[in-house]
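First up is the structure itself, then whatever we jot down about it.
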There are 2 protein chains.
Amino acid sequence: MNEKEKALIEAKANILKALGHPTRLWMAERLADGEKCVCELAENIDADVSTISKHLTILKQAGVVIDEKRGKQVYYRLKVPCILKYMPCIEEVLQANLQTHIDLMKE
Amino acid sequence: MNEKEKALIEAKANILKALGHPTRLWMAERLADGEKCVCELAENIDADVSTISKHLTILKQAGVVIDEKRGKQVYYRLKVPCILKYMPCIEEVLQANLQTHIDLMKE
DNA sequence: TTTACGCATGGTCATTTAGTCAAATAAACA
DNA sequence: TGTTTATTTGACTAAATGACCATGCGTAAA
């Protein structure tokens, strides 16, 4: 693996890592139907606003979302919408994992 | 967010998290063209075999890969192949990030 | 021009992660 | 049987992560 390949794989892994946290994944999914301000995203999460804000910063740095300040509020939206197209496959993995458990029980 | 939704989002995030490490993502991509033993996967990675083995355990626990022992060797393969179908979108994010940098330079 | 609001940032702490080395296990071979 | 090979596991350490609280900062309303 040369330097270029290494840099590419690190960049890709970083995006997946950004989505690999329940709070961040949940917020990304929330943004599927349009932009939301931090206060809206914070409504359904049991965590300090500062925590939410830091998670949003991570998503932003990974390039998953972009932000825009309007008045007192900051609005976030998905930068590349296809980011959520993956979820059916993720759910397929969950299904497969479940099946494995069932198979193990049968033995 | 109720308990059920919470559990689901955690399970999904866990899969993304498993792929969110350069070494693990690289190995998963390697497995796209068929199963490989640990020694084959270790060939191109500059890390202790025990480290590789631990990363494979994480991928296995997330349900991304399955393993099978044959003789002295343990072979790993992708459990749900669609897991790599996401990469074009991830690369699209990288492109978009790059474009953002270029735009910033222009200002 | 105070006051209140919405959000980001810095400090701190507990937990998790990723790595290494040494040792254990299990299969194949001499 | 004893040895080598392939892989996993345990002990340990350094670094990263995620959470909270307190504080700062810009904007809008009073």
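All values below were derived from every heavy atom in this structure, side-chain atoms included, with hydrogens, water molecules and symmetry-related copies excluded. Order of the sequence lines sets the chain letters (A, B, ...), proteins ahead of strands, with each chain counted from 1. This structure is a prediction, so every number in the text was calculated from the model and none was measured.
Between B:E40 atom CD and D:dA6 atom P the separation is 11 Å, expressed in whole Å. Following rounding to the nearest Å, B:Q73 (CD) and D:dT7 (C1') show an atom-to-atom distance of 10 Å.
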B:L25 and B:M87: CA distance, side-chain angles, deciding distance, side chain to side chain contact (heavy atoms under 4.5 Å, CB included) verdict
CA-CA 10 Å; B:L25 182 58; B:M87 295 309 126; 3.9 Å; yes
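Residues A:K79 and B:N97 form a side-chain contact, since some pair of their non-hydrogen atoms from C-beta on lies under 4.5 Å apart. With a 4.5 Å cut-off on side-chain heavy atoms, B:L31 and B:K36 count as touching. Using a 4.5 Å heavy-atom cutoff, the side chains of B:K12 and B:L16 are not in contact. Contact annotation: the side chain of B:L19 approaches that of B:V64 to within less than 4.5 Å [non-hydrogen atoms, C-beta and beyond].
Axis angle between the ends of the helix from C:dT1-D:dA30 to C:dA30-D:dT1, five pairs each and rounded to 10 degrees, works out to 10°.
B:E35 has a carboxylate O that lies under 4.0 Å from a charged side-chain N of B:R70, or vice versa, which qualifies the two as a salt bridge. Taking the charged nitrogens against the carboxylate oxygens, B:E43 and B:R30 have no contact shorter than 4.0 Å, which rules out a salt bridge.
Using a distance-only test at 3.5 Å, with no hydrogens or angles considered, no donor-acceptor pair links the side chain of A:Q61 to the main chain of A:I58.
The ring-ring contact (aromatic ring centres under 6.0 Å, His included) contacts involving residues 15-59 of chain B comprise B:H21-B:H55, where partners must be two or more places apart or lie in separate chains. For residues 68-90 of chain B, the ring-ring contact (aromatic ring centres under 6.0 Å, His included) pairs, not counting sequence neighbours, are A:Y86-B:Y86.
Residues from residues 17-32 of chain B that place a heavy atom under 4.0 Å from any atom of DNA chain C, listed by number: B:K17, B:H21, B:R24. The stretch residues 42-67 of chain A touches DNA chain C through A:S50, A:S53, A:K54, each having a heavy atom within less than 4.0 Å of the strand.
Around atom CD of B:Q95, no more than 12 heavy atoms belonging to other residues, nucleotides or ligands sit under 6.0 Å away.
Counting non-hydrogen atoms under 4.0 angstrom, B:Y76 reaches the backbone sugars and phosphates but no base.
Hydrophobic clustering of Ile, Leu, Val, Met, Phe, Trp and Tyr side chains at less than 4.5 Å, counting indirect connections, keeps B:V74 apart from B:I66.
The NZ atom of B:K72 lies 10.0 Å from the SG atom of B:C39; values are rounded to the nearest 0.5 Å.
First and last contacting nucleotides of DNA chain C toward chain A (any atom under 4.0 angstrom from a heavy atom, 5' to 3' order): C:dC5 to C:dG11.
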